[in-house]
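To keep things clear, I will list the structure first and then write my remarks on it.
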Amino acid sequence: MYMKQSSENSEIPQAYEHAAIEKKWQKKWAENALYTTDTSTNKEKYYILDMFPYPSGEGLHVGHPKGYIATDIISRTKRMQGKHVLHPMGFDAFGLPAENYALKTKTHPRIAVEKNVARYKQQLEILGFDYDWSREINTTDPDYYRWTQWIFLQLFKKGLAYESNEPINWCPVDKTGLANEDIENGRCERCGTLVEKKPMRQWVLKITDYAERLLTDLDATDYVRPKLIDKVNPHQEGKPLVERTVVHAIVFDPKNKKYLIIRNKKFGWDTVVIGGIEGGESPVDAARREVREETGYTDIEFKRIMGGPTEAHYYTKHKGENRIAYAQAVYFELTGDTRVPLAEGEDSHDEIHWIDEEDFIPGKMVNSELHIWLERLQDPTAGQVKPALDWPASIKELQRNWIGRSEGASIRFKIQDSRFKNKDIEVFTTRPDTLFGVTYVVLAPEHALVKELLEIISNKKEVQDYISRVADVTEIERTDTTKEKTGVELKGVMVINPVNQEEVPVWIADYVLADYGTGAVMAVPAHDERDHVFATKYTLPIRQVVEGINSTLPFTDHGKLINSAQFDGKKSFDIKKEITEYAGGTWVTKYKLRDWVFSRQRYWGEPIPLIHCEKCGVVAVPEHELPVKLPEVTSYEPTGTGESPLAGITDWVNVACPTCSGAGKRETNTMPQWAGSSWYYLRYMDPHNDKALVDKTQEKYWSPVDVYVGGAEHATRHLIYARFWHKFLYDIGVVSTTEPFKKLQHVGLIMGEDGRKMSKRFGNVVNPDDIVATYGADTLRVYEMFMGPFDQQIAWNTSSIVGSRRFIERVWKMSAQATADQDNTALHKVIHRTIKKVTEDIDAFRFNTAISTLMIALNEIETVGAISKDQFGTVLKLLAPFAPHVTEELWSMMGNTSSIHISPWPVYDPHLLVDTTVTMVVQVNGKMRDSFEVAVDTDKAVLEQRALESPQVRKWTEGKTIEKVIVIPKRLINIVTS
RNA sequence: GCACGGGUGGCGAAAUUGGUAGACGCACUACCUUGAGGUGGUAGCGCCCAUUUGGGUAUGGAGGUUCGAGUCCUCUCCCGUGCACCA
């Protein structure tokens, strides 16, 4: 692609005028569609994604673009490295903030959103991002939400969307139901109001059906680590454990496309050449020697080491010791047929064979890990054991906690009353081992059974009063752990403990949660802190059934069972399943994760595409009628009645039933804000498709997102919802991967100069437009990346920006010196070192050190003083992703007609990185006393002698006995004296 | 309470992963340039003592391993984030 020629190029500006330069190039890039991603699928792809913004009325502050700058740098680098890059941007504009803003300013949310989007776009554009705006999406666009509705319908058809009337979280200010994920400390995440529990008709998505997969896939690995083969050679008690490193030599004959193996005549199994590494040998040397000794082949050419020594390991029995072998594979290709006599004893029971790749059959081959190494022949990164999800450990942990899996027993306590003969109370416990210690059973006050039991309760009034009192208490007060627990006994109700047929009383108490487990617990006050507190308060019996070293009650650890009949003396940890079975219970898995409350009683959201028909019940809107467009309303004030404002628009609500054509009414609830963002990354792959949400070929090509950059605050909301929808779409064949985002990268917040969160409230907001006007977009970009580690929260500091500005100005000035045609050899090393470091740092999100490396390079170039055009071009290229405008300007001033941003990324020459001399530090007893330059390959003995002769060193060794001298080549010499 | 992350100059931070602690940048100081200004140039800059050459000390604190620790181990203090009666 060539840039349009322009007369402006001839006028070379003498001073660095950022405003003119940046405007000029932004215009040209757009005119030339430099960053438009085509639909071809034959190049290697790279999909890098930002969490798209929610366009609020306030516009962007200086912290928002930080992540976008990072993705911009990486996408530009990848493009220069020849990748087919997808780097899109769009807007997430449904939901409460837009609607509340609209209510406040009395403008229609659509108008407000349009205005805000325009503002955001303009703010993003002046920063020079390389977004492909032809793929822009907006979640409020009917062409987009058509597919959000389509996904909902698929969920509905698979039974994963259901109607419920359970009490849900209700925000009285925003007048809408909320999902569990929208609650922070019992308050509405949006407005901070205390949340109430309110029974309401809701649409709920069955995310819990996916809980197990959402959890286990966090730890999924791309390639399975070879298992310990300890079945063949079990660990031998009392024998020492010995570790040994071995090599597997894989020899391939490219002429016949076969692999060299050894067949054991006696046992029939095959193996590649295996051997131990002898002292001082390299793995390659060892493998080569083994091939020669065992097969006689000598004409083999080393190609590659496939895998580190700890990748494959297995037990093997060896002379009465437990041996773990850490295997490393070395890959050779055969270059000739010469064979030498085998080493002694090698030919008696083995045969040499050449076999096809298909014959590497696990089970038949001794080398269980071979298939992994063979994969690696195609792809050097394959076969490495790495997590499928390259996500920060902290986010994975947050999701694990949020899903909250626990295994335990479901146990039934029979109700001891003739009127409830077949009824029982089902409890969930992770400690069935303490069943003999149960002294009462507790139900949540909201438990459905309580109402039924009222007829046999003697203290009916007391119980009813208690239930209504609890109902009045807000969620936050009730879940306050410091609050004293309260409860009341259901007098007259007794249940039978299935392990000992004992009758125990039943209580209701506020410390039992209705929506976890079964809403009922067996109380074991001796071994549970909460039960202990409660039992002490109400003087209920406490019976110890587990004993440990320190058995102060409550004793919540595992130990030995006592007072447990035939189970006495058993270890409590081991006996759980056995006691569960004995009690007639079942072993079950429970999750903290709740189903996703998917209804909002508000206007500004995707209409749920369902129709309620008196005859047919709930009917899906036919897919060809999608989208169900959000109708115009005169008032979009929330009603607070549990119906959305849409309910008032009768000519929209009343509709013929698609099945029976009878009278039907549209569903008037709308979807939550999270709906549109749960799949948007798929739409970018194929944004204008009106036949499907994404074309299969495009999806297969672009999936998964290679890198996803955004704030950590989305760990448990957006990122769980998106994973859920993605897995569902995988199940119905819409997407080809089980996870949407391969790598996830956090952006650390930029705080205000006062160290507080940047907010209008604190008056510490810095507007990027102002910074761009004063210093330029390039300076802002460099500064934000140079501030510190990318994922770290750092305070903004306007006075520090000048450093980045000076840096760019110095590059500008340097261009005047870059006139030579001949490379300056004095700069070879620094330039190639810089290429290496900058390339690696960009890949690892270490932008701060990448920039400091460029600064160091510039310092050295200034010291040397003369640089060739070519060398300066290399420096410009390395800087181009960070400062795209000024580098483009200087690049074109050098006479280039094609954009620097599509020029090939520099490649370093490893030979130029090799140091010929090195500084040796001399320490005496660990303290640095002297240093000297030597040739890298200087002999150890020479180094030692030189160090000992140094006058600086002699000062400290005089009169002392030298006990030893440690010489670390290329590093230091440490002299230890008495 | 539990889980995760983090404590290095006046400030933001580096540290080849166990090998010269403080790269790079800001601020500061002195000088140069300029009529003036700084978004110009040069030099200095952890702390303490000697100030020239040097010495001591130092990565929240206390121990330990090691020839050698910011880095590994044990304990402890502080800060941040998330979850929080989940049976």
Side-chain angles (χ1 to χ4, degrees), chain A residues 16 184-186 392-402 404-406 408-409 427-431 434 442 478-483 485 509-513 515-524 527-531 533-534 556 590-594 712-713 715-716 746 774-775 779 782-783 786-789 791-810 813 837 846 848-859 919-931 952 955 963-968 970-977:
Chain A
Y16 170 49
E184 271 172 10
N185 291 322
S394 59
I395 288 267
K396 287 190 182 182
E397 193 57 30
L398 285 178
Q399 292 211 351
R400 271 183 218 113
N401 289 342
W402 191 263
R405 182 187 201 273
S406 57
V427 305
F428 173 71
T429 178
T430 54
R431 294 297 301 272
T434 62
V442 195
R478 181 159 162 199
T479 55
D480 181 1
T481 48
T482 58
K483 185 190 73 83
K485 299 180 195 330
D510 59 358
Y511 77 94
V512 175
L513 304 174
D515 53 1
Y516 181 74
T518 60
V521 302
M522 55 179 228
V524 190
H527 304 293
D528 182 279
E529 266 170 48
R530 296 151 301 180
D531 296 341
V533 169
F534 193 77
T556 57
K590 298 281 179 197
Y591 303 93
K592 286 203 288 185
L593 183 74
R594 300 299 135 83
E713 69 273 15
T716 50
H746 279 174
T774 315
Y775 298 96
T779 298
V782 169
Y783 171 65
F786 184 61
M787 283 174 85
D791 58 359
Q792 192 171 302
Q793 172 178 314
I794 300 174
W796 179 263
N797 184 350
T798 299
S799 72
S800 286
I801 300 174
V802 292
S804 301
R805 168 77 188 200
R806 282 178 196 150
F807 169 61
I808 289 173
E809 295 234 26
R810 281 164 60 208
K813 283 183 200 159
K837 178 88 170 120
R846 289 188 301 251
N848 56 330
T849 50
I851 293 168
S852 77
T853 304
L854 285 164
M855 288 173 170
I856 292 166
L858 187 64
N859 289 347
T919 309
M920 294 295 296
V921 166
V922 188
Q923 298 182 332
V924 179
N925 295 324
K927 290 212 170 76
M928 186 208 166
R929 298 301 177 191
D930 196 12
S931 66
Q952 288 297 332
K955 247 165 68 180
E963 297 206 326
K964 60 172 147 175
V965 180
I966 289 135
V967 182
I968 313 290
K970 296 193 213 174
R971 287 272 151 75
L972 53 71
I973 300 144
N974 191 10
I975 299 162
V976 185
T977 67

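The sequence lines fix the lettering, A, B, ..., with proteins before strands; numbering per chain opens at 1.
Counting any heavy atom pair closer than 4.0 Å across all strands shown, A/K927 reaches sugar-phosphate atoms only and no base atom. A/S406 comes within 4.0 angstrom of sugar-phosphate atoms only, judged by non-hydrogen atoms across all strands, and of no base. Residue A/D515 is out of contact with every strand shown, counting any heavy-atom pair closer than 4.0 Å. A/K592 comes within contact range of at least one nucleobase, with a heavy-atom separation under 4.0 Å. A/R405 comes within contact range of no nucleotide atom at all, as no heavy-atom separation falls under 4.0 Å.
Glycosidic conformation, B/rU17: syn, with the torsion inside 90° of 0.
Other residues, nucleotides and ligands contribute over 12 non-hydrogen atoms within 6.0 Å of the CD atom of A/E963.
Here B/rC4 is the nucleotide among B/rA23, B/rC4, B/rC26 with the atom lying nearest to any side-chain atom of A/S394.
If you take NE2 of A/H746 and P of B/rG82, they are 12 Å apart, rounded to a whole angstrom. Atom P of nucleotide B/rC4 and atom CD1 of A/I395 are separated by 15 Å, given to the nearest angstrom. A/L513 places its CG atom 11 Å from the C1' atom of B/rA84, with the value rounded to the nearest Å. Between the P atom of B/rG80 and the CD atom of A/E713 lies a distance of 19 Å, rounded to the nearest Å. Protein atom CD of A/E397 is 6 Å distant from nucleotide atom P of B/rC4, rounded to whole Å. Between the C1' atom of B/rU53 and the CZ atom of A/R929 lies a distance of 14 Å, rounded to the nearest Å. The interatomic distance linking A/N401 (CG) with B/rA3 (P) rounds to 10 Å, in whole Å.
Side-chain contact check for A/Y516 and A/S406: at least one donor-acceptor pair (N or O, by modelled atom type) lies under 3.5 Å.
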Requested in this report: Any chance you could list the contact pattern along nucleotides 9-22 of chain B? Use B for base contacts, S for sugar-phosphate-only contacts and - for none, protein heavy atoms under 4.0 Å, 5' to 3'.
Outcome: ---BSS-B--BB--
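Proximity of a side-chain donor or acceptor of A/R810 to a complementary backbone N or O of A/L858 within less than 3.5 Å is not detected.
Partner assigned to B/rG18 is none, using Watson-Crick or G-U wobble distances below 3.5 angstrom. In this structure, B/rG44 forms a base pair with B/rC28, meeting either the Watson-Crick or the G-U wobble geometry with both donor-acceptor distances under 3.5 Å.
Classification of A/K813 and A/E809 as a salt-bridged pair fails, no side-chain N sitting under 4.0 Å from a carboxylate O.
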Distances under 3.5 Å between protein N/O atoms and the N/O atoms of nucleotides 38-41 of chain B, please, pair by pair.
unit_1, atom_1, unit_2, atom_2, d
B/rU39, O2, A/E809, OE2, 3.2
B/rG40, OP1, A/R806, NE, 2.9

